[in-house]
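Notes to accompany the following structure.
In this chain, residues are counted from 1 in sequence order. Only this structure's heavy atoms are used, side chains among them; waters, hydrogens and symmetry mates stay out.
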Amino acid sequence: MKKLVGILLFAALTTCYLSSCGKEAASGSVAEVWTEDAQAKILRNAEYEDKTDRSIDIQMARNEYQGAQIQVHANRNIHSYDLEISDLYSDMGVIESENIEVTVFKYMPLEMKSNSLEEFEIGSEVPDAMIPLDAIKNYGEDKIERGDNQGFYLDIHTPKTIPDGVYTGTATLTLNNTVEYVDIKVTVWDITLPDQLGTKNYWGLFKRNEQLAGELDTSDEMATKYFEFLLKYNINCELLPFSPKDGPEGYVELLRKYYNAPGFNTYRFYHEWRDTQYGADNVPWDVDCMRTYLKAVIRAAVEDRTNYLDKAIFYMLGNMDEPHTPDAYEKCVVLSRAYGKILNEIDAEMRIELSEQENYDFYLSAVSDTLLHIPAILTLMNEIYFPQIVDGGYTIDNLTVCMVVHGYDKPTMREEYTEFAEKNEHEQWWYTCTGPVNPYPSTHIDDYAVSARLLGWMGEAYDIDGYLNWGTFITRGEYGPEVYETQASVWNNSNGDGWIAYPGKWYGVDCTWDDPTSGGLDYISY
């Protein structure tokens with residue numbers, strides 16, 4: 001019988017700074033237990049002086065996820081462990097334990113460095129993948145070797161309807177036959193976060209069959225699991241559950257399903273790679289396909305009086321991606337002109353088609369202008385040729401320049417970019433890829449995890465409209481369980497780049513098995 005369990009495995013981007021190291025020995029006790037907030041990276045093979053805090057105390061709004069850690073330093077070999085979380089109570093309500101997910105860190109040994117931070121030395125074992133506790137126990141990995149640290153991550157979710165107040169409870173940690181207790185205190189503010197946050201973001205997935213190749217399968221069901229998991233953390237990509245076999249009708253159906261879903265605020269609009277002669281220009285995408293899908297979405301938007309295009313972007317990737325030569329920039333300009341013409345033609349055709357329909361006013365007042373300004377993302381790493389776009393006299397109606405984050409450290413370029421975007425009424429985006437590295441914010445494993453949070457804070461400070469990350473889980477074919485221990489970077493020049501989630505099948509997550517304790521899996525395709 002097929003069985004779906006748990007959800008995907010998430011990389012520990014939510015932890016933030018490396019604690020101070022030192023030498024401390026304890027005698028008699030099985031382990032030392034202490035707590036850290038979500039803003040700490042505790043290495044498995046480092047020693048820490050301050051291990052005295054035995055309570056979790058966090059503050060959060062309603063409808064929010066917030067994390068905390070329980071850390072264990074083993075003074076003896078620990079052959080089994082477990083962690084149970086009680087309900088959290090206040091005078092007015094309860095945060096039920098089902099709203100608190102417990103995961104266990106797996107550690108990535110650093111075989112290279114992305115930057116010069118001394119805290120992350122070659123050989124350091126950095127927390128990264130977060131495995132559901134039950135999966136760790138099922139596979140007999142609930143062990144800690146003497147001298148090692150082991151982290152447990154508590155992901156606490158507050159329901160929308162919960163009363164504000166102070167909620168308390170207990171975490172019960174069993175190490176071998178020893179029981180340790182950790183107090184939990186959660187202060188819930190009288191603030192409710194919206195289901196959808198304002199800043200757009202896109203995390204590349206590009207081709208579903210390639211990006212999910214490390215999984216059990218690339219079925220619609222598996223794609224849906226990944227897609228909804230990412231939305232939980234406000235991470236957006238393509239309409240991942242979509243398959244071309246479903247056609248424009250299937251695409252519209254998914255938009256209707258997810259448009260108001262929590263976390264959904266951006267999607268990369270579907271297009272097919274195929275060289276097409278469009279007027280005097282040769283464009284690398286199928287123009288007829290683009291027309292067909294855009295018109296289908298427009299019709300649905302008018303029928304539902306819901307502007308489904310206002311969360312759309314186009315990202316042509318290799319054709320408008322980090323151009324480094326004058327010819328490459330000129331190609332981007334040509335493609336942008338063609339793209340703008342196509343949108344204008346679709347607008348003219350839809351005005352005729354919809355003119356007699358009941359909701360034509362909605363098309364004119366909302367959808368038409370959105371259609372004509374759907375961002376076409378051009379990632380920009382090399383500033384040398386940027387003046388060709390800013391000062392070259394080009395009329396570029398739909399080119400949304402997405403500058404690499406460290407470009408904002410060059411005041412002249414930043415000012416030109418901002419002026420260009422405002423003049424042309426374009427959104428401002430920025431992005432990270434294998435670069436930049438510390439001291440600029442990144443999503444690399446061997447960096448303070450506050451770095452990933454800085455992307456949001458700095459984006460607000462700079463009035464950035466959207467953030468692009470080149471790759472979410474860029475697997476290269478089938479990987480075994482060693483992916484959790486040896487796969488530092490797809491490109492072998494930055495730790496963790498392209499690994500926001502790991503394949504769940506190696507721990508029986510969202511797959512099937514006969515006996516999860518036997519060490520061997522019997523995979524069954526959906």
Side-chain angles (χ1 to χ4, degrees), residues 8-21 34-46 48 50 53 56 58-60 64-71 101-110 112-121 124-131 149-156 199 201 203 229-230 232-235 405-406 430-461 467 469-473 484 487-489 494-502:
L8 311 174
L9 311 176
F10 196 50
L13 292 178
T14 51
T15 54
C16 292
Y17 68 85
L18 190 68
S19 297
S20 60
C21 297
W34 79 104
T35 59
E36 300 278 357
D37 61 21
Q39 305 175 39
K41 274 190 178 179
I42 304 297
L43 306 181
R44 177 162 65 180
N45 57 344
Y48 297 87
D50 186 6
D53 196 343
I56 292 171
I58 61 176
Q59 299 81 42
M60 55 196 302
E64 183 179 14
Y65 288 90
Q66 185 59 271
Q69 299 180 61
I70 297 176
Q71 291 286 337
E101 181 181 15
V102 178
T103 53
V104 181
F105 286 121
K106 283 190 73 73
Y107 296 83
M108 179 72 72
L110 296 183
M112 64 176 192
K113 288 179 67 66
S114 300
N115 52 59
S116 59
L117 288 173
E118 295 181 357
E119 292 91 331
F120 300 94
E121 301 174 346
S124 296
E125 298 186 49
V126 185
D128 194 46
M130 299 162 67
I131 318 295
N149 303 313
Q150 177 62 61
F152 300 83
Y153 194 87
L154 279 61
D155 197 11
I156 302 172
T199 303
N201 64 88
W203 297 65
F229 171 76
L230 294 175
K232 174 181 176 181
Y233 294 96
N234 296 290
I235 294 177
V405 165
H406 56 282
W430 66 4
Y431 78 104
T432 59
C433 186
T434 55
V437 300
N438 187 281
Y440 301 101
S442 78
T443 59
H444 299 151
I445 294 171
D446 54 336
D447 192 359
Y448 308 122
V450 72
S451 185
R453 294 187 176 191
L454 281 171
L455 287 165
W457 301 337
M458 292 173 67
E460 175 69 18
Y467 165 69
N469 186 297
W470 83 280
T472 308
F473 27 89
Y484 296 95
Q487 184 65 26
S489 170
S494 57
N495 286 304
D497 190 63
W499 283 98
I500 303 305
Y502 289 96

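- Checking side-chain atoms of Asp155 against main-chain N and O of Gly67 turns up no donor-acceptor pair under 3.5 Å.
- In the model, Glu119 has a side-chain atom that pairs as donor or acceptor with a side-chain atom of Tyr448 under 3.5 Å.
- The shortest distance between side-chain heavy atoms of Pro441 and Val405 falls below 4.5 Å.
- Of all heavy-atom pairs spanning Glu121 and Glu118, the tightest one is CG-O, 3.2 Å.
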- Stepwise salt bridge (charged side-chain N to carboxylate O under 4.0 Å, His left out) check, Lys106 with Glu125: CA-CA 9 Å; Lys106 283 190 73 73; Glu125 298 186 49; over 6 Å; no
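- Under the 3.5 Å distance criterion, the side-chain polar atoms of Asn149 are left unmatched by any main-chain donor or acceptor of Ile42.
- We find the CG-OG distance between Asn438 and Ser114 to be 10.0 Å, quoted to the nearest 0.5 Å.
- Put simply, CD1 on Ile70 and OG1 on Thr35 are 7.5 Å apart, with the number rounded to the nearest 0.5 Å.
- Note that CG of Leu230 and OG1 of Thr472 are 6.5 Å apart. Values are rounded to the nearest 0.5 Å.
- The distance from the CE atom of Met130 to the CZ atom of Phe105 is 5.0 Å, given to the nearest 0.5 Å.
- With respect to Glu36 and Lys41, no salt bridge is recorded, no charged nitrogen being found less than 4.0 Å from a carboxylate O.
- The closest side-chain heavy-atom distance from Thr103 to Ile131 is not below 4.5 Å.
- Here CE of Met458 is found 16.0 Å from CZ of Arg453. Values are rounded to the nearest 0.5 Å.
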- Do Leu154 and Ile56 pass the side chain to side chain contact (heavy atoms under 4.5 Å, CB included) test, and can you show the C-alpha distance, the side-chain angles, and the key distance before you say yes or no? CA-CA 10 Å; Leu154 279 61; Ile56 292 171; 3.9 Å; yes
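- Residue Ile500 holds its CD1 atom at 6.5 Å from CD1 of Ile235, rounded to the nearest 0.5 Å.
- Smallest separation of non-hydrogen atoms from Asp446 and Asn115: O-ND2, 3.0 Å.
- Contact of the Leu454 side chain with the Tyr440 side chain is not registered, since no non-hydrogen atoms from C-beta on lie closer than 4.5 Å.
- Looking at heavy atoms from C-beta onward, Asp37 lies out of side-chain contact with Gln69 at the 4.5 angstrom threshold.
- The closest side-chain heavy-atom distance from Asn469 to Asn201 is not below 4.5 Å.
- For the pair Asn495/Met108, no side-chain contact is recorded, criterion being any heavy-atom separation below 4.5 Å from C-beta on.
- Contact check for Lys113 versus Phe120: side-chain heavy atoms found under the 4.5 Å cut-off.
- Judged purely by atom type and a 3.5 angstrom limit, Ser442 uses its side chain to pair as donor or acceptor with the backbone of His444.
- Here the closest non-hydrogen pair linking His406 and Pro436 is ND1-CB, 3.1 Å.
- Closest of all the heavy-atom pairs between Trp430 and Leu455 is CZ2-O, 3.5 Å.
- For the pair Tyr467/Thr432, a side-chain contact is recorded, criterion being any heavy-atom separation below 4.5 Å from C-beta on.
- Note: Tyr65 and Tyr233 have tilted aromatic rings, judged against thresholds of 30 and 60 degrees for the angle between ring planes.
- Side-chain contact, Tyr107 with Asn45: no donor N or O sits under 3.5 Å from an acceptor N or O.
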